[in-house]
Amino acid sequence: MKFGVVIFPGSNCEHDCYYVVESVIGQPVEFIWHQDTSVKGFDAVILPGGFAYGDYLRTGALAKFSPVMKAIGDFAKQGGLVFGICNGFQILAEAGLLPGALLRNVGLKYVCKFLHLRTETTDTPYSNILKKNQLLRIPVGHGDGNYFADPETLKRIEDNGQVVFRYATASGEITPEANPNGSLHNIAGIVNEQRNVLGMMPHPDRSSESLLGSADGKLIFESMVNALVRAG
Amino acid sequence: MLRSAMKATVIVSLKPTVLDPQGMTIHRSLASLGLTNISDVRQGKIFDVSIKDGASRQEVERLAKEVLTNPVIEEYRIIWE
């Protein structure tokens, strides 16, 4: 089992992701350079947070033209696990590997804080060791995390159970107050229809050890390991 | 006839159905200026593009469609000089 962490110019959470995979969940991991044209040999690819290409034009808009993204698109089509965190989510949405888009936060503030996520489905390689409605304490740090999709797309991803995490109160309620950025339906993370690509704005890579205030993020990485072990 | 380099302006704006938090914030701040007749502000982007002599306009169309615009949330129009 081998994880890869992609480095774009402007990524800044690649070491966090690398560290969690190597030291917290104890799996082999290598960096993948954005100019690479292949992701052969990897079982899971993580697109880390940061500001790829300075977030110029739109967040994630220029990163999608990196050579490695073509390889990651093919990898995703073949069922490979592709996990975008924060800026990684924005890149996956821009690349069309996930539906919808991430707009500027309502209120225009860069939001950086711990919050609660409610697990909406356990039927994904990223949430298979969680329980439905399980609350995770995971921080966000973004200015463009306002999830948007047109009404048809939104209905489709809801009907298909593609919403994996929603922003919730500490008691698990989905309320406008719990929504840090104006995301439709309090959406914090979604999978594609095939369920092998996850994008989420919150940072499990910053919350995988209790020393950092929460170890809940580790459960997502452990779910990935579980899924890969099951798949053989 | 001597042809000069062509120029185009690409205007990208959010679709009318997409919330524009920046435009809303600009609009809200106008009241303190006394600009009470402005009923809405939407923020967009302008790109000035130069094209080599005799080149096809298609490349600008592709630039606008495939790079400058995210079709999920935005639309574009091109003004040729």
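Naming: A, B, ... by sequence-line order, numbering from 1 per chain. Heavy-atom basis, side chains included; hydrogens, waters and symmetry copies ignored.
- Among the candidates B/Val12, B/Thr25, B/Ile73, B/Val67, the residue making the largest number of heavy-atom pairs closer than 4.5 Å to chain A is B/Val67.
- Within a 6.0 Å sphere centred on CZ of A/Phe65, other residues, nucleotides and ligands contribute more than 12 heavy atoms.
- Shown here is B/Glu61, whose CD atom has more than 12 heavy atoms of other residues, nucleotides or ligands within 6.0 Å.
- Annotation: side chain of B/Lys45 is in contact with side chain of A/Arg58 (closest heavy-atom distance under 4.5 Å).
- B/Glu66 touches chain A through its backbone: at least one of N, CA, C or O sits under 4.5 Å from a heavy atom, while the side chain does not.
- Partners of A/Asp159 by salt bridge (charged side-chain N to carboxylate O under 4.0 Å, His left out), not counting sequence neighbours, listed by chain and number: A/Lys155.
- Annotation: A/Lys132, atom NZ; neighbour count of heavy atoms from other residues, nucleotides and ligands within 6.0 Å is above 12.
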Using atom types as modelled, flag every donor-acceptor pair under 3.5 Å from a side chain in residues 77-86 of chain A to any protein atom, sequence neighbours excluded.
none

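- Put simply, the side chain of A/Phe148 does not reach to within 4.5 Å of the side chain of B/Leu19, judged on heavy atoms.
- The side-chain heavy atoms of B/Thr17 and A/Asp150, taken from C-beta on, include no pair separated by under 4.5 Å.
- More than 12 heavy atoms of other shown residues, nucleotides or ligands fall within 6.0 angstrom of atom CZ in B/Arg42.
- In this structure B/Asn70 satisfies the side-chain hydrogen bond (donor to acceptor under 3.5 Å, both in side chains) test together with A/Glu94, sequence neighbours excluded.
- With a threshold of 4.5 angstrom between heavy atoms, A/Leu103 approaches chain B through side-chain atoms but not through N, CA, C or O.
- Listed by sequence position, A/Asn105, A/Val106, A/Leu108 are the residues of residues 105-124 of chain A in contact with chain B, using a 4.5 angstrom heavy-atom cutoff.
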